[in-house]
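This structure is a prediction, so every number in the text was calculated from the model and none was measured.
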Amino acid sequence: MADPATYRPAPGAIPDSPGVYRFRDPGGRVIYVGKAKSLRQRLNSYFADFAGLHPRTQTMLATAAGVDWTVVGTEVEALQLEYSWIKEFDPRFNVKYRDDKSYPYLAVTMGEEFPRVQVLRGAKRKGTRYFGPYSHAWAIRETVDLLLRVFPVRTCSAGVFKRAGQIGRPCLLGYIDKCSAPCVGRVTPEEHRALAEDFCDFMSGNTGRFIKRLEKAMREAAAVEEYERAARLRDDIQALQRALEKQTVVLGDDTDCDVIALAEDPLEAAVQVFYVRGGRIRGQRGWVVDKVEEATPGDLVEHFLLQMYSEAAIPREILVAALPPDAEALTELLSEQRGARVDLRVPQRGDKKSLMETVERNAKESLAQHKLRRASDLTTRSRALQEIADALGLDQAPLRIECYDVSHIQGTDVVASMVVFEDGLVRKSEYRRFSIKHAEGDVASIHEIIARRFKRYLEERSATGELGAEPAPESAGGDGAESEGADPRTGLPIDPDTGRPRKFAYPPNLVVVDGGPAQAAAAQRALDELGVDDVAVCGLAKRLEEVWLPGDDQPVILPRSSEGLYLLQRVRDEAHRFAIAYHRSKRSRAVKESALDEVPGLGPARRQALLRHFGSLKRLREAGVAEIREVPGIGPATAEAIVTALSGARDADREKAVSD
């Protein structure tokens with residue numbers, strides 16, 4: 001690892017102008033490319049305070065052995081050069097988007113003498129017009145089958161086309177009027193190309209003129225009593241309308257835009273794009289990226305736009321979830337590439353905002369599915385467990401991991417959760433949740449739940465004869481834990497009284513707590529007090545994803561690409577989710593079981609009306625009789641009873657606090 005001070009540029013050597021810079025490793029390979037409005041300010045920020053930098057940036061600087069830069073005239077030129085260098089050098093510390101699947105496109109080979117309609121995947125070809133991408137190839141084929149009635153463009157391969165010309169007989173599609181059969185000369189190359197261009201115009205959203213043209217021809221045929229021809233035209237109109245129905249109408253007919261949303265966590269981000277043409281969703285596509293550098297949502301959007309529109313067609317409007325840092329420069333660059341104005345903005349209201357919310361939901365689902373696929377891979381799980389063992393100095397891989405988290409609002413309704421992962425997979429039947437009874441603060445709460453959990457474990461061992469010592473003292477708060485479900489597996493110790501698996505029969509190999517050094521130390525202290533010395537402990541701090549071991553002054557930093565860090569993060573996030581769910585249910589139950597239940601004649605409907613009117617029980621407690629009477633359905637006597645009941649409950653709470 002290099003010391004950044006050894007290659008720091010000399011004072012005054014860096015120009016104060018826009019430009020692009022490159023960090024190189026000892027072998028001369030480019031490992032990071034960045035742009036800046038002021039090269040001097042940006043590069044000095046890397047070398048001014050190394051300890052204050054994000055761990056990912058520290059790793060990049062320690063890997064590098066030198067830095068150089070190129071001065072440009074404007075921010076737009078900096079954007080262009082930055083992306084050119086990223087494509088050329090493929091730096092390991094830059095964000096790189098990759099498809100989360102291979103999406104099919106509807107392609108029209110306009111570069112051929114007789115254009116062909118087909119479904120294509122992969123790299124785009126010169127001279128071919130693309131529509132989509134679509135989620136499924138069958139959806140494209142259904143649409144094409146309908147459109148071939150009106151636009152009978154060739155769909156056969158080069159071999160089939162050549163053979164049909166040699167034998168002078170078209171294929172089946174030519175006989176059923178779903179191909180104009182240019183192979184046997186039924187139409188000229190010019191006429192067939194006109195059909196292909198009409199097909200492309202329809203797919204581009206210019207649908208109205210074709211339907212109007214067919215409707216006019218149908219009326220003319222009916223007027224001269226050519227009813228068979230009128231019926232065929234009617235069927236053609238219905239085919240076009242069914243093709244349009246297959247593409248959801250979301251915005252105005254003249255709207256052409258791409259809607260881009262993202263979902264992220266500290267390790268990865270998923271991007272979803274909906275392509276809207278002619279007011280209809282013509283397709284969607286998704287990408288997933290490993291966040292190898294520190295990046296805000298705006299940074300991720302900027303990187304994505306530069307990479308996506310280096311190859312794809314640019315619409316006149318791009319809707320994003322967050323504006324890039326240099327939105328004006330990026331808009332200018334995209335407008336220059338398109339040859340016309342591009343509007344880049346965040347939708348604030350109306351149908352476009354609703355569509356953005358839909359795309360965001362799809363991005364979240366895509367990220368969740370990606371995580372699920374990654375977590376379910378056996379090889380990946382094994383590597384993750386071994387990486388954790390190596391990083392924490394464990395004798396063996398932690399096959400059972402328990403994670404604990406505390407949830408509360410300003411110290412009220414304090415609860416905690418315990419989640420279990422075995423072999424890298426969730427074991428929901430062994431989740432537990434705790435109501436904190438005595439502790440104050442997150443650190444004390446962690447100490448309490450670890451002590452309660454392992455006291456129960458020692459009791460279970462003693463009850464089954466595995467522990468020779470006397471039973472452990474009664475745990476604080478009795479059972480104090482609620483099971484999310486019974487464990488159906490065989491082989492667990494069974495409680496003879498209930499016939500159910502014992503709740504805390506197995507110890508974990510590793511205890512993970514949500515927090516930093518203080519929380520990790522509290523968990524270790526609880527284990528030491530109980531004499532449990534065969535369970536490892538660590539804390540995972542969310543802000544920087546640092547792993548803290550009890551008693552260590554410095555955290556363990558796992559690489560960003562580490563499967564071990566990914567697994568620890570999943571465990572911590574699951575504990576956080578479970579704790580919040582329990583806290584919400586407990587808080588909701590407390591509101592329902594409030595002093596309002598004691599008021600005569602105040603049923604559920606009027607209790608809900610009161611809470612809806614005042615917004616919270618606290619504000620209702622502060623209200624007077626006159627204010628309560630403003631709620632529909634609340635009369636003078638009921639308002640007096642409500643004030644009396646809430647005052648009595650407040651006095652009781654005060655007396656309880658004094659006695660405590």
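Distance check: L567 CG to I388 CD1 gives 4.5 Å after rounding to the nearest 0.5 Å. To the nearest 0.5 Å, atoms CD1 (I260) and CH2 (W287) are separated by 8.0 Å. A distance of 14.0 Å separates CZ of R154 from CG of L195, quoted to the nearest 0.5 Å. With rounding to the nearest 0.5 angstrom, the CG atom of D326 is 11.0 Å from the CG atom of L333. The structure places CD of E317 at 3.5 Å from NZ of K352, a figure rounded to the nearest 0.5 Å.
Using a 4.0 Å cut-off between charged nitrogen and carboxylate oxygen, D68 and R24 count as a salt-bridge pair.
Applying the salt bridge (charged side-chain N to carboxylate O under 4.0 Å, His left out) rule to pairs touching residues 178-192 yields D145-K178, sequence neighbours excluded.
Residue R345 places its CZ atom among more than 12 non-hydrogen atoms of other residues, nucleotides or ligands, all under 6.0 Å distant. For CZ of R116, the number of neighbouring non-hydrogen atoms (other residues, nucleotides, ligands) closer than 6.0 Å is greater than 12. Within a 6.0 Å sphere centred on CD of Q166, heavy atoms belonging to other residues, nucleotides or ligands number more than 12. More than 12 heavy atoms of other residues, nucleotides or ligands sit less than 6.0 Å from atom CZ of R338. More than 12 heavy atoms of other residues, nucleotides or ligands shown are found within 6.0 angstrom of CD on E357.
For the residue pair V153 and P115, the shortest heavy atom distance occurs at CG1-O, 3.6 Å. Smallest separation of non-hydrogen atoms from E302 and P324: CB-CB, 3.7 Å. Scanning all heavy atoms of the two residues, the minimum distance from A322 to G298 falls at CB-N, 4.2 Å.
When the ring pair (Phe, Tyr, Trp, His ring centres under 6.0 Å) test is applied to F274, no partner is found at least two apart in sequence or on another chain.
Proximity of R193 to M110: side-chain heavy atoms (C-beta onward) are separated by under 4.5 Å at one or more points.
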